[in-house]
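Small disclaimer: the values here were computed from a predicted structure and weren't measured. In what follows, chains are A, B, ... by sequence order, proteins preceding strands, each numbered from 1.
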Protein chains: 2
Amino acid sequence: MPHRSRTTASIVRVPELEYDVLDVLIGYALRRAQVALYGAFDRATRGMDITPPRFTALVIVGANAGISQSTLGTVLGIARSGAMMLVDWMVERGMVERRNCPRDRRAWGLHLTVRGERFVEKMKASVLAEDRRQASLLSSAERRTLLGLLDKISVTKKERRA
Amino acid sequence: MPHRSRTTASIVRVPELEYDVLDVLIGYALRRAQVALYGAFDRATRGMDITPPRFTALVIVGANAGISQSTLGTVLGIARSGAMMLVDWMVERGMVERRNCPRDRRAWGLHLTVRGERFVEKMKASVLAEDRRQASLLSSAERRTLLGLLDKISVTKKERRA
DNA sequence: TATTGTTATACTCTATAACTATA
DNA sequence: TATAGTTATAGAGTATAACAATA
């Protein structure tokens, strides 16, 4: 399940066309909405060289100092090898440090550097503002409703069984 | 903006972790929901060698006989070259035919074959059923509300200016 | 045995740029 | 000039499999 690239794509609704079953599929409606929100994300992070997985990784490390690479991968829904490359990227840019983990000598404990903390704050503020701007097409009540409904359907089959 | 691969990924919510700003971002909630719906899509199309772009392309061609490759690309939000490879794939499997376009001799008119029509019907029924099953975590009123809210935020900046 | 991090490799989807035929 | 289709190339993101160190 690859993540989206930097390029701002757009799904244009062509009025003359029939969309058939696509008009009633929650999955397709989600994709259209996500493309629009990715546009907002792109504007918010322009010039920062940030992608959605990088954003998520930085926020998670910032809020969970000492987290391991494997756990980070689980949160992002990617394999260990991918999490590692993501961490490499953050380390190369001086935003994250790998420190020894006292409890498990196999694992690294990930921590934001001071530079990383500054960057994460700036990035979060910018993304949050653009997300709100895009979502300003909704009232705040509608926004809460949307978050609630999305949360309800975000359950995987595995979790439902558990 | 690459599409998702076949592998059913999963974003696991780790209860011990702080999610910080991710909990209030519409964009992140959309991504989680989309991952769950992709799981449903995967189950629905297991063994069919179908991906979301292939599904969308087949449905659109089926509902819009004679459509050109470029228009198809616009609907999917991908470049012409990508639309072409998608059409190659459908043609190789005997689902779609490229016919000469009477109005514009540069373009192809795309049409489903009889085999393609049968396949599309089967595929649509299966995907719709799984989408409903996943969305059955919602009442039908909630489902309509969700579709409406998603539609509201699916407007790109370009469209808003227009 | 199972798990963490690592490395190497391969695959999918998409973009870009250049070419041709037609508009 | 601009657009439709084509071709070739490159890049991002992810998966898988295997290995060493540790649990």
Legend entry - B/Arg118 atom CZ: more than 12 heavy-atom contacts under 6.0 Å: no
Inset, instruction - To the nearest Å, give me how far apart CG (B/Asp42) and C1' (D/dA15) are. - result: 14 Å
Inset, instruction - Treating Ile, Leu, Val, Met, Phe, Trp and Tyr as nodes and any side-chain heavy-atom pair under 4.5 angstrom as an edge, say whether A/Leu110 and B/Leu22 lie in one connected cluster. - result: yes
Inset, instruction - Answer whether the closest heavy-atom distance between the side chains of A/Arg105 and A/Asn100 falls below 4.5 Å. - result: no
Inset, instruction - Starting at atom CE of A/Met85, determine the distance to atom C1' of C/dT7, rounded to an integer number of angstrom. - result: 10 Å
Inset, instruction - Identify which one of A/Thr56, A/Ile60, A/Ile78 satisfies the side chain to side chain contact (heavy atoms under 4.5 Å, CB included) criterion when paired with A/Leu72. - result: A/Ile60
Inset, instruction - Would you indicate whether the side-chain heavy atoms of A/Val75 and B/Ile11 approach each other to under 4.5 Å? - result: no
Legend entry - Check: D/dT16 base within 3.5 Å donor-acceptor of A/Ser81 side chain: yes
Legend entry - Rounded interatomic separation in angstrom, taking CZ from B/Arg80 and C1' from C/dT22: 13 Å
Inset, instruction - Identify whether A/Val87 and A/Leu112 are in the same connected component of the hydrophobic contact network (ILVMFWY, side-chain heavy atoms under 4.5 Å). - result: yes
Legend entry - Atom-pair distance (CD1 on A/Ile78; C1' on D/dT16), nearest Å: 14 Å
Inset, instruction - Report yes if the side chains of B/Asn64 and A/Val14 come closer than 4.5 Å at any heavy-atom pair, otherwise no. - result: no
Inset, instruction - Output the residues of residues 58-74 of chain B in contact with DNA chain D, where contact means a heavy atom of the residue under 4.0 Å from an atom of the strand; sort by number or write none. - result: B/Ser68, B/Gln69, B/Ser70
Inset, instruction - Report the distance from atom CE of B/Met84 to atom C1' of C/dC19, rounded to the nearest whole Å. - result: 14 Å
Legend entry - For atom CZ of A/Phe55 and atom P of D/dG13, their distance in whole Å: 16 Å
Legend entry - Members of residues 86-108 of chain B that approach DNA chain D, where some heavy atom sits under 4.0 Å away: B/Arg98, B/Arg106, B/Ala107, B/Trp108
Legend entry - Atom CD of A/Glu18: over 12 foreign heavy atoms under 6.0 Å: no
